[in-house]
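Sequential numbering from 1 along the given sequence is applied to the chain's residues.
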Amino acid sequence: MTLAAADFAGFVADVHPGRDPFPWQQALVDTIVKTGRWPDGVDVPTGLGKTALLDVAVFLAAAAPEVARRRIMFVVDRRLVVDEAYQHALRIQHALALAAPGSIAGTVAQLLRVDGDDGPVLEVTRMRGGATWDRLWLDRPDRTAIVTATIDQVGSRLLFRGYGVSEHARSIDAALVGTDSLLIVDEAHLAEPFLITLADAVSFDTWALTRAPIVVPMSATTPADTGQVHRIGPEDEAHPIAGPRLRAAKRLHLVEVKTTKTSTDTAMADAISDMAATAPGLRAALVNTVGLGRAVFTRLRARGIDTVLLTGRIRGVDRDYLLADYYPRLAADRDRSTDTPLVLVATQTVEVGANIDVDTLITESASWPALVQRLGRLDRLGSHPDAVAVVVHPSSATTNDPVYGPARAATWDWLIGHSTLHSYRRGLEPATLTDGLAASPAELRHLATDAPAELREPRPYTPVLLPATLDAWTRTSPTPRPDPPVAPYLHGIADAAPAVGIVWRSELDTAPTDRWPAALHAVPPASDETLEVPVAAVRRWLTSATTDPSVTDLADQDRPDAPHEPAATRPARVNDNNGRPLVLRYRDRSNTEVITAAEIRPGDLIVVPTWYGGCDRYGWDPTSTDPVVDVADLADRHANPILRLGPALTTAAGAYHHDLPGEALAALAAVDPDDPAAPAACRRLLTDLAATTLNTPLGRALRRLAADTRIIATNRDETGYPALLTTGGMALAGDDTEASSAIVTGQPMPLDGHQTAVAARARQFATNLGLPADIVTAVELAASGHDTGKIDPRFQTMLHGGDRLAAEIAEQPLAKSGINPADRAAFRRALRRSGYPTGMRHEALSARIAAHRLAAGDDDVDVDLVVHLIAAHHGRSRPLLPPVTDPAPQAITVGGVTVSTADTVDWSAPRRFAGLNTRYGRWGLALLETIVRLADIYCSARNEDGRP
């Protein structure tokens, strides 16, 4: 069963019925198959289907796997509101799932399916925002996947310093992002520091075990000196669909607004909103900052004009419901006979990924590449002959623009040399402007041939990456001090820093601060409920001293000295004894702390009470003091939803789902977990509620829970609610000791059965990945002994709830307890009663036992590798486990080998770790760890116990 390059057209037709590939898309497949390599770049105008690179990548993964990659990353340096690449990927996933046997798509699906995987052929994940990333975004390392993400998300994880990720989870993301991956970098002119760093990092590794990433920069404004670039050709210009898009007749006009240094924000908001109000049809007002967007939006709403505000500074939940209401009115493929007047106010978030089509475009002046992208949202399909674009520029603008630097002024001056300049007057109607500049994609490409380099955003200086720096990042646990920051290597030396993620939770509303960490233990934050903002803006908001109007959707400008205005009020905060506002910093269940605003660092995830304000359904609004809706129950947690039973559920569902029957919702929220009839009552209520909801995250969660639900009691004093609903172990799974020792069914799991199951899955993963036989054996050996250290009688006592007698008379040792995984207090009691030393790790004993057993055996295996994989199976021992000396050593005998728990501090681990990184490569070793760890999590979530 094989596929040829010529089959790509059939694949596109199967995935996107009624559509054929554009000539440039088919030519790209032909070239890659013929040459055996991807081009150095792809330069295609907006509107000509650049997201089809996802179709190309998936098709080649099946047709020519030797030149393709397993994990496809669509990367962009934007916070996208409309993520067309993600929707495109979902269409591919859906088509592969339903493909008829014998069809081209069916053949692709069959070739991509790996042994033992009953999940989707193609995993599709959207990493929202700039830093947030779903904890378990890929169940299996051998599954083909598409991920849409940002530079910060992909870059930090590839360099072993994932933003918002605990040190114990970093190596998993590094392996999945950095091995066997294709990185399609959209708008590559914004990502030059990242591309430089990535090339250096790849060159420093041996790649002895796995394939290095392939990087494909993509842009509509690629510099001429980029190397082998794939571009459109004469066939595209003559194409019946592509041709009219390239020649779309739209005119660009220049309007200058008289401003002073102090009146710029007000005057620009007045002018842009005025022109947007007077234009006919569907209009877009595109601005450079979230603050100006808010101002324009507020003015238009005050005039009674139907308006929507879209920025990337918005929670995923809010984004989804907002787009459900408005995107059908904006999409390029909408039914235009039903069009009604609407103004879209947006930031850079619609420059990429938004397949919208407006009749009139009012845009704030910007750099040339940004304007080209914005013009791509005007008459996108070439069907509106009277399309008008207006570029609005303040007369007081300087060459030191806080967003685009000197490129903004240079672009404006250059455009003045090609078009007539108009002065703004109140009531100016865009349709009455004359002598505009022809601005079709074809004419813009021709015009750009003479565009000076100064029209682009200045390239920041990228520090030189040294092997020693990369080695320091590879050491993920414990983190070395000092730890080199990765931000300069992703964005260059500039006023930029990773965003801070903010989550609003009702659990914190009335709880004292010492209970904040425990309150979130049962339901950790999800990326869908997170809003990301530059760290300086977050600090200003919390202290309420000033507000920052200069927040954008570009790389986070962290400018403490940015222009600001005094806040109107000083809302209440929870303060420490010195009057400093407090927040909860959350990394994982075992790593949370209450900190002050001044202690917040770039890349942090913070949780605050809902009454702190700062957000509404349109996103970030630091001036708002209204309570924020807690949307944790509406967050998409994929196949493992969680609903908290209580008032937060009814409040959120009532705010976003007017179609839900209130009585059934209230009855569900009031279910008593101690009532024997509760499970049956929940299923009835869930079924009734699911029947009334649309295809939203909550609707999907209700349907999954109706089919398979478990009621998990919680500590009301800690969480504020009596119970939660979930479907299985993955929803509560983690990589800390508590979660790894619990199982959501409430039934203990035997140690031997668990290790047998994990070993089988690890072998399967490694075999499917095509690893050498000796490596497969090493991985299987490590998985088969990863939890042997739990044989310690004190650990067994802990797994039996602290009951030593129960542990002693048990028929067989346990790997997982029957303790409720949401009951943190029960774990603390069990640990205290067991006498297991505080801070001691079962991995340490497991590794020592394996070392002794392998030393006495005849296995032809890399002993150092097996020992390391066991020691690192919870993300520690990279390069050192916590060195805890047992105050009451135990002699543990397993399989004829006796090891003392006094012998678990392994000072040779750093040397072993360094040698293994050299032998297998930095990302290769991380991949081997990931195979064992994901096999462990996979088996735990599915309750696999080694039986057929």
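- Taking 4.5 Å as the limit, every side-chain heavy atom of V185 sits out of range of all side-chain heavy atoms of F74.
- Looking only at atom types and distance, the side chain of H230 has no donor-acceptor partner in the side chain of D40 under 3.5 Å away.
- A donor-acceptor pair under 3.5 Å is absent between the side-chain atoms of T51 and the main chain of A85, judged by distance alone.
- Between the side chain of D14 and the backbone N or O of I104 there is at least one donor-acceptor pair closer than 3.5 Å.
- Taking the six-membered ring for Trp and the full ring otherwise, the centers of Y920 and W207 sit at least 6.0 Å from each other.
- Residues forming a salt bridge (charged side-chain N to carboxylate O under 4.0 Å, His left out) with R878 (at least two apart in sequence, or on another chain): E929.
- Rounding to the nearest 0.5 Å places OG1 of T148 at 9.0 Å from CG of L54.
- In this structure, R126 is positioned above the aromatic face of Y86, its NZ or CZ under 6.0 Å from the six-membered ring centre and within 45° of the axis.
- Here R700 pairs with D636 under the salt bridge (charged side-chain N to carboxylate O under 4.0 Å, His left out) rule; sequence neighbours left out.
- F11 and F59 have tilted rings, their planes meeting at an angle from 30° to 60° on a 0 to 90° scale.
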Exercise. Under the side-chain contact (heavy atoms from CB on, under 4.5 Å) criterion, do D180 and W923 qualify, and how do the steps go?
Worked result: CA-CA 10 Å; D180 206 0; W923 289 274; over 6 Å; no
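- For the pair R140 and Y938, the cation-pi criterion (under 6.0 Å, within 45° of the ring axis) is fulfilled.
- For R71 and T179, the side-chain atoms include at least one donor-acceptor pair closer than 3.5 Å.
- Side-chain atoms of L190 and V76, non-hydrogen and from C-beta on, never get closer than 4.5 Å to each other.
- Pairs of residues two or more places apart, or lying in two chains, that qualify as side-chain hydrogen bond (donor to acceptor under 3.5 Å, both in side chains) and include a residue from residues 96-117 are D117-R143.
- A donor-acceptor pair is defined here as one N or O able to donate and one able to accept, closer than 3.5 Å; no such pair exists between the side chain of R157 and the backbone of V154.
- In this structure, the side chains of D860 and D774 stay at 4.5 Å or more apart for every pair of heavy atoms.
- Using bins of under 30°, 30° to 60° and over 60° for the plane-to-plane angle, the ring pair F22/H239 lands in the perpendicular bin.
- In summary, the aromatic rings of H873 and H168 are positioned with their centroids too far apart to meet the 6.0 Å limit.
- Note on ring orientation: taking the six-membered ring where Trp is involved, the planes of H88 and H16 are tilted (angle from 30° to 60°).
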